Every structure is written in C-alpha cells, then in structure tokens.
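Structure record follows, encoded as structure tokens.
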Amino acid sequence: MNNAPIGVYDSGFGGLSVWRELYRHLPHESLLYLGDGKNCPYGGRAREEIESFAVAAVERLVAEGVKMVVVGCNTATTAAIAHLRDRWPEMPIVGLEPAVKPACMTTQKRRIAVLATEHSLRSEMFLSTAQRYAEDVEVIKVVGEGFVDIVERGMEATDEAREAVRRVVEPLLAKDIDKIVLGCTHYPFLTPHVESVVRGCGIDVIDSGEAVARRVAWLLERYDMASDGSEGAQYRFMSFADEEYRMRLESRARAIMAAEQGIR
Ligand code: DGL
C-alpha cells in the first residue's frame, strides 16, 4: 500500500487525455500532473532536447514524492523512456505508445493510419513497433498538422479545429483504411471532429489512454503500491511555464472531472 501520488507528465495539455483515464479508472489514486508548457510543442524537436526536458520533468515529480510516473506523451516516450528507466530503476515508469498493435490485430483491410507528431513517426520505437506488428499491414503515417497548437490554446470546440481535422483526415478516406490511431495525447481532445469526418465509413478511431490506465492498475497491484483510499484522492497540477498556464491546466482538468461526474 502506498498513498503517494502518481506523476503524470506531458509537454502540455495532451497528457490530460491520459489523466482523464486514470481519474476514471483509479478513483482512489492521487494524481500529480506536470504539463511542461514552457517547451511545448515537442513534436518537431531533436531527440536529445526532448530527453533533457523529460529528465527535468521526472526529477521534479520525484522531488514531489511520486510513487510512479506515467509519461503521458508519445513524443517524450519515444525520445526518453529507456533513459528514464535507466536513471530511475526503482520506480515504475509507464510510457505511451501509439496503439499500433491493437489496430494491426483488428484491421480487416490490412491498412491503418497513424496520426502522431513528426518526432514520434520517425522514432526508432515507432518503426520497430510497426515492423513487429504491421508486417502485412500497410501503415499510413500522418502528422496532425496544427492539432497540438489548437489543443494548447483550448480551441477544440471551434471551426478552426474542425477545419484542421478535416484537412488531415479527409484525404485518408480514399486510402481504404479501417483504423485511425491517435498517436499523440493531444489528439484525443479532437476525437469528435475525427469521428465526424469518418462517420459512416467503417473506420474506428483508437487511442492509448484506457490501455495505459489498465497497465497502471496492473502495476499498482503487482508491486503492492495501490492507495488504500483512506486519505481521499488529491489532484495537483504543475508546469514549467507561468502560473496562468498552470491555472489553465487545472481548470481544464476540473472541467474533465465535472464531465466525468456527470457520467458516473
Ligand atoms: N502530447 C504529445 C504526444 O503525445 C506531444 C505534443 C507536442 O508537444 O508536440 O506526442
């Protein structure tokens, strides 16, 4: 038993799509969210640079006493997860990978699309996963141009967002795919737009959020680290950017909580 918080880290707001799944599936766990903000977006940066941001973030979360870290960012995972695990061998560190495996295992058409950042799509990790699971599956790789910026500005519910998604997703309809993998944690905030473009075309939209929550639940059990719930779950938010950014993160998360409570 361990009542310390789980640290969740992303370049900015995107990891809140993972945070939402942890909040939903692990109601007794305290969560400490760190949205870098200062260095976002990561997607077009060099691997070494992203790795150094990830190290600084995990150092900060460890200093705050977390019991586990979820790297709620595909880009930081591809750039840094091996290094983070070497550096903190005692602590479970969960990474995010585009859901290429489940998409490959369920595609009927043997053609899928993966939407992710430039860095993730050209990373070793992505290429080896695609090679392993997509031997006879064609994987179409597409950067969600403008998506991260829209989510960072909180503009998901706008025509600008709808148009940006249409521009990226509509050309995929001609490619005879039946799965679209959202391989960046910012993108699930745009899922309603993606779904409205593909409606009626027999295409599933998949992200990794729920699978990560299941993995975290398994690790908590396996290492006897789950919270006993006696102190009530606490939710805290930090950023390397300014206080205004941190407050926007917190209020976005509070809105997610309110929406989730409506569902519960
Ligand atoms: N949310 C991130 C990901 O999952 C990165 C977005 C960015 O900073 O470019 O890839």
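Nothing here was measured: the structure is a model prediction, and the numbers come from that model. Indexing begins at 1, ligand by ligand and atom by atom, following the structure's order.
To the nearest 0.5 Å, the span separating CG on Asp207 from CD1 on Ile180 amounts to 12.5 Å.
Ser11 and Asp36 share no side-chain donor-acceptor pair at under 3.5 Å.
Between Glu64 and Arg236, at least one side-chain nitrogen of the basic residue sits less than 4.0 Å from a carboxylate oxygen of the acidic one, meeting the salt-bridge criterion.
Inter-residue side-chain proximity for His193 and Val197 is flagged as unmet; no heavy-atom pair is nearer than 4.5 Å. Side-chain contact check for Tyr235 versus Met257: some heavy-atom pair is nearer than 4.5 Å.
Taking the centre of each ring, Phe13 and Phe189 stay at or above the 6.0 Å mark.
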Contact table ligand 1 N or O to protein N or O, d under 3.5 Å:
unit_1, atom_1, unit_2, atom_2, d
ligand 1, 1 (N), Asp10, OD1, 3.0
ligand 1, 1 (N), Thr185, OG1, 2.9
ligand 1, 1 (N), His186, ND1, 2.7
ligand 1, 4 (O), Asn74, N, 2.8
ligand 1, 4 (O), Asn74, OD1, 3.1
ligand 1, 4 (O), Thr185, N, 2.8
ligand 1, 4 (O), Thr185, OG1, 3.2
ligand 1, 8 (O), Ser11, OG, 2.7
ligand 1, 8 (O), Tyr42, N, 2.7
ligand 1, 9 (O), Tyr42, N, 3.2
ligand 1, 9 (O), Gly43, N, 2.8
ligand 1, 10 (O), Thr75, N, 3.1
ligand 1, 10 (O), Thr75, OG1, 2.5

